[in-house]
Amino acid sequence: MLTLNNQSNYIRKELMIKLLKSFFEGKLEQEIDRIPIDMNPKDSSTYRCCIYKDRAMIRYRIMALLGVSIEKEDNEYKPLKEYLNEALDRKNIDRPVMTVLDTACSSCRKVAYTITDACRGCLARPCSTNCPFGAISFINGHAQIDSDLCRNCGKCKDLCPFNAIIHTPVPCEESCPVGAVSRDDHGRMCIDYEKCISCGRCGRSCPFGAVMERSQIIDVASHIKNGTQLTAILAPSVIGQFPGSLKQTIAAVKAAGFNVLLDVADGAETTAKLEAEEFTEQQAEGKLLATSCCPAWVEAAEKHIDKMRDFVSSTKTPMYYTAETAKKLYPYNKIVFIGPCTAKKNEALRDSSVDYVLNFEELGAFFIARGIDVNDCSEKEFDNNTAGFQARAFAAAGGVAAAVESNLDAEVRKVFKPFGVDGLSRKNINLLKTAAAGKLPYNMIEVMSCEGGCICGPGVISNPKIVKKKLDKYKEETA
Amino acid sequence: MKKETGTGKIDVTICTGTTCYVMGASDLLTLEETLPEKILNRVNITGTTCLNLCKNKEDKPPFVMVNEKIISKANLESVKKAIQQELSGEKNANAE
Ligand code: FES
């Protein structure tokens, strides 16, 4: 996985801010087709072969930010202005959540192993003798891998006495925990959406920024501009995402154009309570219970771990319960969930609990585009009950299990044996398969798709170390 | 302006205005943890609200000031380098 801050996401944020700023100034329609050129003027230095390719890439990034599914709709003759107008006209969001900018994809090598110049062409030749697929031959005393035969087993690398063989992974493929990423005939990345769980890892791992979320910023911005009444519901992990206090962030969100603001941590309390009841029932039957608040995990269980389905809690997510409250309180408002998560976009489409989903990065772009500095905002409160620390701790790994535990009866608590799966890596998927088969000595499994929990989600702004500090401070304050 | 040597510390001011924060300043707030103690003793790290540098289109956030020097598009490495430079500058001034 790439670091939180890198050049690729810097450009994405810059673009988002540009688009929104120009949109709120009423100039986007005129300006949008000029952005790729303005970002890469003549004689500027380039990332790729030439400024023209750089400009083309900016164009695709803008398309993804407008919510276009580039695989389905890629007409090079079509001005961005038209894509913008289509985005402004659309009433509904559709699947899939991610989109591949295939022109940005550098078509990483199919064979993940390279024989370097350190190869001495030795006599023993353990690489070629032991290759199970006969993929290694010697040309001019130098080992060579036949890319048609190689199956990437890695045996040659392990056996070479000179360490002459290196592993060059394909980051997107490597990062996908469910094998949904593959390459087409040209070596370009494609996503099998039947398998995809919308976890967002590929997007965060591609060094070329060739996978992006289809953003909904334009949809939300146009509602703000048209004066639609909007209810924003804010994920517990918001703490520490912006400078200043949580209450200042609340004020900033309102200033950005959201009329009502609810705390999803309130919904998290409902989730924890209901999941505790469910655990008690499952426990009585000697069954396992797995948490259900992480939508990427729920999708992974459904699509990839047959036996797990019966054990995943049927309790809804904090987003769902908060949206329910939102509908009760303000039935005519559009609801926008704001959080750190990519998979929430998919969840929103599955149960239509909310109308739109933004991530923190996108919210930050709204602030900047509208000239709002959180530090300058005076403090405001949520329009529902602000939940205590326990519910807010949902955002970090271990937090959900702890919240469920505190909701259990004393008797049941004694037998509560939680196990945390921190991050859906391939290894952990296998571990969960073992758990589903009843082979682990635990009765409650908390699963977070993102390592570290929601505070490490693909849509966060803040370094998780800083967030942890703020979370601890919040704990003290609310204790 | 010449900094006092020996007693004076190097001022590292990290902008945590919203623009800088969103564009990556949170990483910079971990600076303290990443500096070796020897250097840590010689710097004075503070956060500040918007320095108004983000209003200028030419320079890019996040901004950090190391004494009087402005670092734009700052990251941990560029800040560390600037601190080093200031430190060796001081040494030279001392030697004179
Ligand atoms: S936010 Fe840092 S200079 Fe304005």
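All figures in this text were calculated on a predicted structure; none of them were measured in a lab. Within every chain, numbering begins at 1; the chains are lettered A, B, ... in the order of the sequence lines, protein sequences first and strands thereafter.
- Looking at A:Ile17 and B:Met23, their side chains come closer than 4.5 Å, going by heavy atoms from C-beta outward.
- Note that the CG atom of B:Leu29 and the NZ atom of A:Lys469 stand 8.0 Å from one another [nearest 0.5 Å].
- Under the 3.5 Å distance criterion, the side-chain polar atoms of B:Thr18 are matched with a main-chain donor or acceptor of A:Val374.
- The number of heavy-atom neighbours closer than 6.0 Å to NZ of A:Lys468, taken from other residues, nucleotides and ligands shown, is 12 or below.
- When A:Pro243, A:Gly240, A:Gly364 are compared by the number of non-hydrogen pairs under 4.5 Å with chain B, A:Pro243 comes out ahead.
- Within 6.0 Å of atom NZ in A:Lys247, 12 or fewer heavy atoms from other residues, nucleotides or ligands are found, so the atom counts as exposed in its surroundings.
- For residues 6-15 of chain A, heavy-atom neighbours of chain B at less than 4.5 Å comprise A:Gln7, A:Tyr10, A:Lys13, A:Glu14, sorted by residue number.
- Open room surrounds CD on B:Glu37; 12 or fewer heavy atoms of other groups in view lie less than 6.0 Å from it.
- Considering all non-hydrogen atoms of both residues, B:Gly17 and A:Asp373 come closest at CA-OD2, 3.8 Å.
- Surrounding NZ of A:Lys21 are at most 12 heavy atoms belonging to other residues, nucleotides or ligands under 6.0 Å away.
- Looking only at distances, no side-chain donor or acceptor of A:Asn463 sits under 3.5 Å from a matching main-chain atom of B:Thr30.
- Neither the backbone nor the side chain of B:Lys55 comes within contact range of chain A, judged by heavy atoms closer than 4.5 Å.
- You'll find the side chain of B:Val22 reaches within 4.5 Å of the side chain of A:Phe242, heavy atoms only.
- Here the closest heavy-atom approach between residue A:Ile466 and residue B:Tyr21 is recorded as CG2-OH, 3.8 Å.
- Contact tally against chain A (heavy-atom pairs below 4.5 Å) for B:Asp27, B:Thr16, B:Thr49: the top residue is B:Asp27.
- In this structure, chain B has no heavy atom under 4.5 Å from any part of A:Leu363.
- Applying the 6.0 Å contact sphere to NZ of A:Lys225 captures more than 12 heavy atoms from other residues, nucleotides or ligands.
- Here the closest non-hydrogen pair linking A:Leu4 and B:Ser26 is CD2-OG, 4.4 Å.
- Rounding to the nearest 0.5 Å gives a distance of 8.0 Å between SG of B:Cys54 and CD1 of A:Ile368.
- In B:Lys80, the NZ atom is crowded: over 12 heavy atoms of neighbouring residues, nucleotides or ligands sit closer than 6.0 Å.
- Within 6.0 Å of the CZ atom in A:Phe23, the count of heavy atoms belonging to other residues, nucleotides or ligands exceeds 12.
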